[in-house]
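Okay, so here's the structure we're looking at.
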Amino acid sequence: MEATQTQRQTCYRHPNRETGVSCSNCGRPICPECMTSTPVGMRCPECARQTTKVRVGQGAFSPSYGKMPATIALIAINVIVFLAELAAGGAGQFSAGGSLIQDAGLRGPEIAAGDWWRVITGGFLHAGFLHLLLNMYVLYVAGSILEPGIGTPRFLGIYFVSLIAGSLGALIVDPNTVTVGASGAIFGLMAAVIVVARGRGVEQVASQFGLFVILNLVLTFSIPGISVGGHVGGLIGGAVAAALVILVERRMSGRPGFTLELVGIVLMIAATFAGALAVASG
């Protein structure tokens with residue numbers, strides 16, 4: 001009964017538009033045109049003006065290049081690590097003794113022997129310049145949409161859930177192969193854009209990224225050497241983490257909802273990390 005009532009809610013400013021999203025401050029139902037993205041959820045125009053002026057409507061979930069500090073920082077870290085790879089023996093040379101790929105790339109036997117950090121560090125290494133370039137381009141595009149839309153803490157949480165879920169997937173499918181790259185995290189961000197955009201009624205963005213994900217999945221299964229487990233694992237991790245954000249956002253407003261989302265994401269990070277260690281040790 002409660003679910004039916006929520007589905008039939010209409011925007012308080014546009015009574016002819018049904019919506020499942022409410023203002024995180026006052027609780028009034030709002031449609032995509034009236035939504036304003038804030039770090040503590042979606043707000044109606046009146047509540048948003050009481051705090052800070054933000055882009056409204058579909059602009060609240062579209063590229064906003066000045067509001068993505070974590071995205072820029074992650075790109076910078078990946079580039080710096082790649083330069084360190086070159087200095088340590090050459091990126092892409094998986095057999096190079098002493099290289100960062102050998103010392104920090106994802107591989108089951110080494111993780112089982114105690115190198116637990118490889119579950120994370122493998123996601124910041126790349127097997128060549130083109131590998132890095134493609135991943136950083138998609139990170140920039142997805143980050144420019146997702147981070148301003150949901151806030152930096154949620155964005156970082158989804159990124160690391162996706163990265164570790166990608167490591168878990170790679171270890172399940174091929175634990176004895178050295179795997180590197182941010183692709184698991186990137187696939188997770190693409191899935192998160194789709195889930196959040198659809199959850200907030202911005203179907204155009206969801207459809208565009210849906211086609212992009214399908215294309216990349218076709219390439220994943222078609223090109224030898226690509227980590228199928230890493231890509232699919234990251235995709236699932238990002239989708240589940242984003243679904244948690246949307247679910248809590250719809251049912252609980254304000255600071256309690258924001259806190260619950262972050263706690264849930266931290267638990268997901270812990271669970272996927274523990275799963276990766278268990279698979280590597282098994």
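These figures come from a predicted structure and were not determined experimentally. We're numbering straight along the sequence, starting at 1. Both backbone and side-chain heavy atoms feed into the values below; hydrogens, waters and symmetry mates do not.
Across all their heavy atoms, Ile30 and Cys44 have their closest contact at CG2-CB, 3.7 Å. Closest approach of Gly108 to Ala280, counting heavy atoms only: O-CB, 3.7 Å. Of all heavy-atom pairs spanning Gly238 and Ser162, the tightest one is CA-OG, 3.2 Å. Closest approach of Ala182 and Met136 over heavy atoms only: CB-CE, 4.3 Å. When all heavy atoms are compared, the tightest approach of Ser207 to Arg198 is OG-NH2, 4.3 Å. In terms of heavy-atom proximity, Gly105 sits nearest to Val178 at CA-CG1, 4.4 Å.
With sequence neighbours excluded, the residues satisfying side-chain hydrogen bond (donor to acceptor under 3.5 Å, both in side chains) with Arg17 are Glu33. Every residue two or more places apart in sequence or in another chain was checked for a ring pair (Phe, Tyr, Trp, His ring centres under 6.0 Å) with Tyr159, and none qualifies. Applying the side-chain contact (heavy atoms from CB on, under 4.5 Å) rule to Ala112 yields the partners Ser281; only residues at least two apart in sequence or on another chain are considered. Asn216 pairs by the side-chain hydrogen bond (donor to acceptor under 3.5 Å, both in side chains) definition with nothing, not counting sequence neighbours. Residues meeting the side-chain hydrogen bond (donor to acceptor under 3.5 Å, both in side chains) test with Thr259, sequence neighbours left out: none. Checked against side-chain hydrogen bond (donor to acceptor under 3.5 Å, both in side chains), Thr177 has the following partners two or more places apart in sequence or in another chain: Asp174. In this structure, the side-chain contact (heavy atoms from CB on, under 4.5 Å) partners of Leu134, at least two apart in sequence or on a different chain, are Leu130. Applying the side-chain contact (heavy atoms from CB on, under 4.5 Å) test to Leu260 and every residue at least two apart in sequence or in another chain returns Val248, Met252. Judged as a side-chain contact (heavy atoms from CB on, under 4.5 Å), and not counting sequence neighbours, Leu211 has no contacts.
Judged as a ring pair (Phe, Tyr, Trp, His ring centres under 6.0 Å), the pairs with a partner in residues 210-244 (not counting sequence neighbours) are, in order, Phe187-His231. Within the structure, the salt bridge (charged side-chain N to carboxylate O under 4.0 Å, His left out) test picks out no pair touching residues 268-282 (sequence neighbours left out).
Atoms CH2 and CD, from Trp117 and Glu110 in turn, are 10.5 Å apart once rounded to the nearest 0.5 Å. A distance of 10.0 Å separates OG1 in Thr179 from CZ in Arg107, rounded to the nearest 0.5 Å. Atom-to-atom distance recorded for Cys31:SG and Arg13:CZ is 7.5 Å, nearest 0.5 angstrom. Distance CG/Asn176 to CG/Leu171: 9.5 Å, rounded to 0.5 Å. Here the CG atom belonging to Leu168 is positioned 10.0 Å from the CG atom belonging to Leu106, to the nearest 0.5 angstrom. One finds the CD1 atom of Ile246 at 12.5 Å from the CZ atom of Arg251 (value rounded to the nearest 0.5 Å).
In the hydrophobic clustering of ILVMFWY residues, with side-chain heavy atoms under 4.5 Å counting as a link, Ile226 and Met190 come out apart. Note on Tyr137: it clusters hydrophobically with Leu189, by side-chain heavy-atom contacts below 4.5 Å among ILVMFWY residues.
Between Val279 and Pro175, the closest side-chain pair of non-hydrogen atoms is not below 4.5 Å. Within the 4.5 Å cutoff, side-chain heavy atoms of Pro45 are placed close to those of Cys34.
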task: Under the side chain to side chain contact (heavy atoms under 4.5 Å, CB included) rule, what do Ile265 and Phe160 come out as? Steps first, then yes or no, please.
output: CA-CA 9 Å; Ile265 288 174; Phe160 280 99; over 6 Å; no
message: Between Val173 and Val232, does the side chain to side chain contact (heavy atoms under 4.5 Å, CB included) criterion hold? Intermediate values first, please.
response: CA-CA 10 Å; Val173 175; Val232 174; over 6 Å; no
task: Any chance you could lay out the side chain to side chain contact (heavy atoms under 4.5 Å, CB included) test for Val245 and Val195, step after step, and finish with the verdict?
output: CA-CA 9 Å; Val245 169; Val195 171; over 6 Å; no
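The main-chain N or O of Gly149 is found under 3.5 Å from a side-chain atom of Arg200 such that the two form a donor-acceptor pair. In terms of modelled atom types and a separation under 3.5 Å, the side chain of Glu85 and the main chain of Leu125 share no donor-acceptor contact. Distance alone, capped at 3.5 Å, places no donor-acceptor pair between the Arg28 side chain and the Cys11 backbone. Under the 3.5 Å distance criterion, the side-chain polar atoms of Ser144 are matched with a main-chain donor or acceptor of Val141. A distance-only check finds a donor-acceptor pair linking the side chain of Thr121 to the backbone of Ala104 [under 3.5 Å]. At distances below 3.5 Å, at least one donor-acceptor pair connects side-chain atoms of Arg250 with backbone N or O atoms of Gly199.
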Side-chain donor-acceptor distances from residues 71-82 under 3.5 Å, at least two apart:
{"from": "Thr71", "atom 1": "OG1", "to": "Glu147", "atom 2": "OE1", "distance (Å)": "2.8"}
{"from": "Asn78", "atom 1": "ND2", "to": "Leu74", "atom 2": "O", "distance (Å)": "2.8"}

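Of the residues Ile269, Val266, Val240, the one that meets the side chain to side chain contact (heavy atoms under 4.5 Å, CB included) test with Val161 is Ile269.
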